[in-house]
*Asks:* 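Here it is: the structure, laid out below.
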Amino acid sequence: MAFWHRKNRGRGAGEKPDPARLPRHVAIIMDGNGRWAKKRGLPRTAGHAAGAETFRTIAYYCRDLGIPYLTVYAFSTENWKRPAEEVSTIMDLLRKYLLEALEKMEKDGFRIRFFGDLEPLPPALRELCLEAEQTGSQVTAARHQVNVCLNYGGRDEILRAARAWAQACQTGRESPEELTEAVFSHYLDTAGIPDPDLVIRPSGELRLSNFLPWQSAYAEFYFTDTLWPDFGPAELDKALVDYQRRQRRFGGV
Ligand code: FPP
């Protein structure tokens, strides 16, 4: 058991985060669905269904707390290697929750964005993603934005951004001399969205797995053994309390 886990255990239990010092952007690797299902003798797909419910609960909880941005890792560029049935269950779940989001977005004050290369997705799902982004962009009283990483890989995102920037150089809209971090950020999927302050990975794995590597450069990390389907509001409270105990120096003293 890593030192991380011992340090986190028991800390913040039952304690509520200070509403005045919440992160602006929380990013979560929704990991452990398969193990959650296995422990119950269920198929892995049941774990994803439970994980999708947890996603909904946590999105509403973040909105209610007043956290403006939540980003979740739903499907990576590597997840296509999983059995076809599992991939199609995840796509079906995304479709189901997107349809629901489309209906409720306006009333519930949500926006939605997708990070990743949507091109290889089934065309109907891709259209739905674009429709949800478009509908969300018109929600004037949005209190919360959910970003879903779909067919997302951090290195792939950086390569796509580099390609787009290089093309802009060829047409004279950009020049290598004027390249700064801020300029490059405009070419990333996350353009216009603040970097995550807190990155959470449940299920005991201590890896970033190609999740927002550029944007997480100064993020705080929180790891827990809890599996994603069991990660409820009380678990998020613990992560937020832990985050609020940290001192962020961004390279300063
Ligand atoms: C990782 O757990 C989880 C995924 C690759 C899929 C996440 C997808 C969902 C929660 C459902 C759809 C999402 C939304 C936003 C509605 P794992 O399968 O790798 O778990 P394991 O490590 O225990 O096997």
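Order of appearance sets the numbers: ligands from 1, and atoms from 1 within every ligand.
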*Asks:* Considering distance alone, does some N or O of Asn33 sit under 3.5 Å from an N or O of ligand 1?
*Replies:*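 Checking ligand 1 against Asn33, an N or O pair does fall under 3.5 Å apart.
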*Asks:* Nearest protein heavy atom to atom 4 (C) of ligand 1, by residue and atom, and its distance?
*Replies:*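 Sorting protein heavy atoms by distance from atom 4 (C) of ligand 1 puts His48 CE1, 3.8 Å first.
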*Asks:* Which pair of non-hydrogen atoms, one from Trp228 and one from Pro202, has the smallest distance, and what is that distance?
*Replies:*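 Result for this residue pair: CE3-CG, 3.8 Å.
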*Asks:* Is it true that the NZ or CZ of Arg163 lies under 6.0 Å from the centre of Trp165's six-membered ring and within 45 degrees of the ring axis?
*Replies:*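 Here Arg163 fails the 6.0 Å and 45° test against Trp165.
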*Asks:* Is it true that Arg44 lies under 4.0 Å from ligand 1, counting heavy atoms only?
*Replies:*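 Under 4.0 Å: yes for Arg44.
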*Asks:* May I ask you to decide whether Glu235 forms a salt bridge with Lys238, counting only side-chain N to carboxylate O separations under 4.0 Å?
*Replies:*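 Looking at Lys238 together with Glu235, the answer is yes, because their closest N to O distance falls below 4.0 Å.
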*Asks:* Does one side chain, of Asp242 or Gln244, offer a donor that lies under 3.5 Å from an acceptor on the other?
*Replies:*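 Asp242 vs Gln244: no donor-acceptor pair found between side chains.
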*Asks:* Run the salt-bridge test on Arg24 and Asp197 with the 4.0 Å N-O cut-off and return the result as yes or no.
*Replies:*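 Looking at Asp197 together with Arg24, the answer is no, because their closest N to O distance does not fall below 4.0 Å.
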*Asks:* Is any NZ, NE, NH1 or NH2 atom of the basic residue among Glu220 and Arg245 found under 4.0 Å from an Asp or Glu carboxylate oxygen of the other?
*Replies:*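 Between Arg245 and Glu220 there is no salt bridge, as every charged N stays at least 4.0 Å from the carboxylate O atoms.
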*Asks:* Are any of the N/O atoms in Gly34 less than 3.5 Å from those in ligand 1?
*Replies:*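 The answer is yes, given that Gly34 and ligand 1 share an N or O pair closer than 3.5 Å.
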*Asks:* At less than 4.0 angstrom from any non-hydrogen atom of Arg35, what atoms of ligand 1 do you find?
*Replies:*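 Within the 4.0 Å cut-off of Arg35, ligand 1 contributes 21 (P), 22 (O), 23 (O).
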*Asks:* Could you tell me the residue and atom name of the protein heavy atom closest to atom 7 (C) of ligand 1, and the distance to it rounded to 0.1 Å?
*Replies:*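 Among all protein heavy atoms, the one nearest atom 7 (C) of ligand 1 is Ala74 O, 3.4 Å.
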*Asks:* Does the side chain of Glu174 pick up a donor-acceptor pair with the side chain of Tyr187 at under 3.5 Å?
*Replies:*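 A pair is found: one side chain offers a donor N or O, the other an acceptor, under 3.5 Å apart.
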*Asks:* Give the residue and atom name of whichever protein heavy atom lies nearest to atom 5 (C) of ligand 1, and the separation in Å to one decimal.
*Replies:*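 For atom 5 (C) of ligand 1, the nearest protein heavy atom is Asn79 OD1, 3.5 Å.
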*Asks:* I need the nearest protein heavy-atom contact for atom 14 (C) of ligand 1: residue, atom name and distance, please.
*Replies:*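 Residue, atom and distance for the closest contact: Leu94 CD2, 3.7 Å.
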*Asks:* May I ask whether Glu205 places a heavy atom under 4.0 Å from ligand 1?
*Replies:*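 The answer is no, since Glu205 has no heavy atom less than 4.0 Å from ligand 1.
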*Asks:* Pick one: which of Leu188, Asp189, Val199, Ile193 meets side chain to side chain contact (heavy atoms under 4.5 Å, CB included) with Gln215?
*Replies:*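 Going through the options one by one, the only one that passes is Leu188.
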*Asks:* For ligand 1, is there an N or O atom under 3.5 Å from any N or O atom of Tyr73?
*Replies:*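 No; the residue has no nitrogen or oxygen that sits under 3.5 Å from a nitrogen or oxygen of the ligand.
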*Asks:* With heavy atoms under 4.0 Å as the rule, classify the contact between Arg82 and ligand 1 as side chain, backbone, both or neither.
*Replies:*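 The part of Arg82 near ligand 1 is the side chain, not the backbone.
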*Asks:* Atom 1 (C) of ligand 1: which protein heavy atom is closest, and how many Å away?
*Replies:*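 Going by distance alone, atom 1 (C) of ligand 1 is nearest to Met30 O, 3.2 Å.
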